[in-house]
Amino acid sequence: MEPQPMVVVAVFRARQGHEPALEDALRAMLPPTRREPGCLNYDLHRGHDDLGLFFFHETWVSADHHAAHLKTPHVQHLLAISPELLIEPIREYKGRRLEPS
């Protein structure tokens with residue numbers, strides 16, 4: 001059986017007043033990430049009732065592809081500017097999609 005892709009949800013909470021800057025920084029991640037090997041989808045979302053909440057829904061061919069993504073210059077840049085934009089550390093949830101039994 002072929003391994004299932006890895007799904008990641010990465011959650012970002014903007015520091016008050018930094019919502020536009022965080023949104024810009026996260027939107028800038030879309031084009032380069034979507035071109036990365038192993039990226040099946042990389043979608044940015046904003047909270048419905050909390051406009052300071054942003055999250056990526058990502059699907060990667062493998063955990064190795066996601067690990068390579070974390071080492072890219074665009075991710076490293078985002079990590080470098082995150083302390084000024086975020087009220088808490090980035091939360092990341094990793095898993096595999098479940099099918100009906």
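For clarity, every value in this text was computed on a predicted model and none was experimentally measured. Scope of the values below: all heavy atoms of this structure, side chains included, with no hydrogens, waters or symmetry mates.
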List the steps and the verdict of side-chain contact (heavy atoms from CB on, under 4.5 Å) for Leu51 and Arg46. CA-CA 6 Å; Leu51 298 180; Arg46 189 171 200 169; 3.8 Å; yes
Report the C-alpha separation of Leu79 and His77 in whole Å, then their side-chain angles, then the decisive distance to 0.1 Å, and conclude whether the side-chain contact (heavy atoms from CB on, under 4.5 Å) test is met. CA-CA 5 Å; Leu79 293 175; His77 172 73; over 6 Å; no
When every non-hydrogen atom of Glu58 is compared with those of Ala10, the smallest separation belongs to OE2-CB, 3.8 Å
Should Val75 and Leu30 be regarded as members of a common hydrophobic cluster, given that ILVMFWY residues are connected when their side-chain heavy atoms come within less than 4.5 Å of each other, either directly or indirectly? yes
Ring geometry between Tyr42 and Phe56 (parallel below 30°, tilted from 30 to 60°, perpendicular above 60°): parallel
Would you confirm whether Gln4, through its side chain, and Arg97, through its main-chain N or O, come within 3.5 Å as a donor-acceptor pair? yes
Can a side-chain donor-acceptor contact be found between Glu36 and His74 if the only test is distance below 3.5 angstrom? yes
So NE2 of His65 and CG of Leu70: to nearest 0.5 Å the spacing works out to 13.0 Å
Quick check: are there more than 12 heavy atoms from other residues, nucleotides or ligands sitting under 6.0 Å from CD of Gln76? yes
Check: Glu88 main-chain N/O paired with Arg13 side-chain donor or acceptor under 3.5 Å: no
Are Val11 and Ile87 connected, step by step, through hydrophobic side chains (Ile, Leu, Val, Met, Phe, Trp, Tyr) whose heavy atoms are closer than 4.5 Å? no
To check you understand the geometry: which heavy-atom pair defines the closest contact between Glu19 and Gly52, and what is its length? CG-CA, 3.9 Å
Are Phe55 and Tyr93 connected in a single hydrophobic cluster, I mean Ile/Leu/Val/Met/Phe/Trp/Tyr linked by side-chain heavy atoms less than 4.5 Å apart? yes
Pair Leu86, Phe12 - check side-chain contact (heavy atoms from CB on, under 4.5 Å), show working. CA-CA 7 Å; Leu86 302 177; Phe12 303 78; 4.0 Å; yes
Output the distance between atom CG (Leu44) and atom CZ (Arg27), rounded to the nearest 0.5 Å. 6.5 Å
Calculate, to the nearest 0.5 Å, the distance between atoms OG1 and CG belonging to Thr33 and Asp43 respectively. 11.5 Å
For the residue pair Trp60 and Leu40, establish whether any side-chain heavy-atom pair is separated by less than 4.5 Å. no
In chain order, what residues pass the salt bridge (charged side-chain N to carboxylate O under 4.0 Å, His left out) check against Glu84, with sequence neighbours excluded? none
Intermediate values then yes/no, side-chain contact (heavy atoms from CB on, under 4.5 Å), His18 and Glu23: CA-CA 9 Å; His18 289 81; Glu23 181 176 347; over 6 Å; no
Quick check: is Ile81 connected to Leu26 through a chain of hydrophobic side chains (ILVMFWY, heavy atoms under 4.5 Å apart)? yes
Looking only at heavy atoms, the pair that brings Pro83 and Ala80 closest together is CD-O, 3.6 Å
Does Arg34, at its CZ atom, have more than 12 non-hydrogen atoms belonging to other residues, nucleotides or ligands within less than 6.0 Å? yes
Do other residues, nucleotides or ligands put more than 12 heavy atoms under 6.0 Å from Arg96 CZ? yes
Side-chain touch Val8/Thr59, heavy atoms, less than 4.5 angstrom: no
Calculate, to the nearest 0.5 Å, the distance between atoms CG and CG belonging to Asp24 and Leu85 respectively. 10.0 Å
Thr72 side chain vs His69 backbone, donor-acceptor pair below 3.5 Å: yes
